[in-house]
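Since the structure comes first, as structure tokens, the remarks are kept for the end.
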2 protein chains.
Amino acid sequence: MAKRMPPAQLATLLRDAITRLNRRVRQTRPVGDLTGTQLSALTSLELAGALTPRELADTERVQPPTMTKIVAKLEERGLVQRTPHPTDGRQVILATTDTGRAMLAQFDRARNEWLAGRLAELTPEDRDALQRAAEILQKVARD
Amino acid sequence: MAKRMPPAQLATLLRDAITRLNRRVRQTRPVGDLTGTQLSALTSLELAGALTPRELADTERVQPPTMTKIVAKLEERGLVQRTPHPTDGRQVILATTDTGRAMLAQFDRARNEWLAGRLAELTPEDRDALQRAAEILQKVARD
DNA sequence: TCACGGTCGTTAGCCTAACTAATAAGCTAG
DNA sequence: CTAGCTTATTAGTTAGGCTAACGACCGTGA
């Protein structure tokens, strides 16, 4: 591995690597027509269990009106379900439907296929390094 | 660090980490108004020296009409320059102008600021891990 | 108790960025 | 020299983001 570099240079290197990999992964968008944004929102919702639109917007780092549109499309396809909030009449509770969960599993598999294949070709040491890095990056990205 | 995980699971973890970090970095769009797309195209062009619109579209993994629009905006701001192809009358040669190069340097600095700050807060060991990971990811992303 | 300020979700309107289809211009091989 | 390919552009559509504005609803303080 190359010499230890200053944070600014590492930032450039990391950003470049991540941008490229991200494009790469996005290109392998599979059959069916959930866009990346929709898939991401649906995933967040599934992970959280149930969220209000506002909460989902916050986790997706998007403004509420944007989330309104995204949710509308997901609802159109029967992937998420709205129910009224039990005590607060303003709020709405969003949750994934069974259809949504099934779709999610299917897409996740297809989406991961390319990257997983690539990773399988690496040495176990390289994979360990990436696993550690992923955990660090999660922390860094978290606000 | 967690137990060693199979490639498919690592792929999910990595993809998630990278998606989040990418959004984060994109949010720190600096002063002046070059969009991410425009910045990316300008960068590719600068790295390659000179390209035709088709070649630039290919490197950006975008369809030619999309690149037409991007280039039009960059040209409007005097950041890239078109010159006719010496032998093929259909083609056009694109290159960055001095203004474009200056803008590029400035934006790159601003773009890195947030991430570099974040990285500076990590331990040297964590930074080493990220550096190694970035190098591995470059390889993985390279077709 | 009720009026008023704040919150939640949505609508409307705008912009960027991507796509496909169609077209004009130019090249090249038979 | 013409028929067919390639290059770039134009036109039109869709997704996805934003801000501004609004109606419905909550909760608190006079």
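In what follows, chains carry the letters A, B, and so on, assigned in the order in which the sequence lines appear, proteins first and then strands, with residues in each chain numbered from 1. Heavy-atom basis, side chains included; hydrogens, waters and symmetry copies ignored. This structure is a prediction, so every number in the text was calculated from the model and none was measured.
Here A:T52 does not reach the OP1 or OP2 of C:dC8: none of its side-chain N or O atoms lies under 4.0 Å away. For the pair B:T37 and C:dA17, the criterion of a side-chain N or O lying under 4.0 Å from OP1 or OP2 is met.
Among residues at least two apart or in separate chains, salt bridge (charged side-chain N to carboxylate O under 4.0 Å, His left out) pairs with a member in residues 36-55 of chain B are B:E46-B:R101.
Between the P atom of D:dA15 and the CZ atom of A:R77 lies a distance of 8 Å, rounded to the nearest Å. Atom CG of A:L51 is separated from atom C1' of C:dC8 by 15 Å (rounded to the nearest Å). Between B:Q91 atom CD and D:dT6 atom P the separation is 12 Å, expressed in whole Å. In this entry the distance linking CZ of B:R82 with P of D:dT7 reads 16 Å, nearest Å. To the nearest angstrom, P of D:dT9 lies 12 Å from CZ of B:R54. Rounded to an integer number of Å, the gap from CG of B:L56 to P of C:dA18 is 12 Å. Straight-line distance from the CE atom of A:M67 to the P atom of C:dG9: 11 Å, rounded to whole Å. Rounded to an integer number of Å, the gap from A:K73 NZ to C:dT11 C1' is 15 Å.
In this structure, B:T99 OG1 and B:L74 CG are separated by 12.0 Å, a value rounded to the nearest 0.5 Å. Rounding to the nearest 0.5 Å places CG of B:L137 at 5.0 Å from CG of A:L130. Taking CD from B:E60 and CE from B:M67, the interatomic distance works out to 5.0 Å, rounded to the nearest 0.5 Å. In this structure, B:R127 CZ and A:L14 CG are separated by 11.5 Å, a value rounded to the nearest 0.5 Å.
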Reading 5' to 3' through nucleotides 19-30 of chain C, protein heavy-atom contacts under 4.0 Å coded B for base, S for sugar-phosphate only, - for none: BBB---BBS---
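Taking the side chain as every heavy atom from C-beta outward, B:T59 and B:L47 never approach each other to under 4.5 Å. Side-chain contact check for B:P53 versus B:L94: some heavy-atom pair is nearer than 4.5 Å.
Counting only heavy atoms from C-beta on, B:I70 has its side chain closest to C:dA18 among D:dA8, C:dA18, C:dT11.
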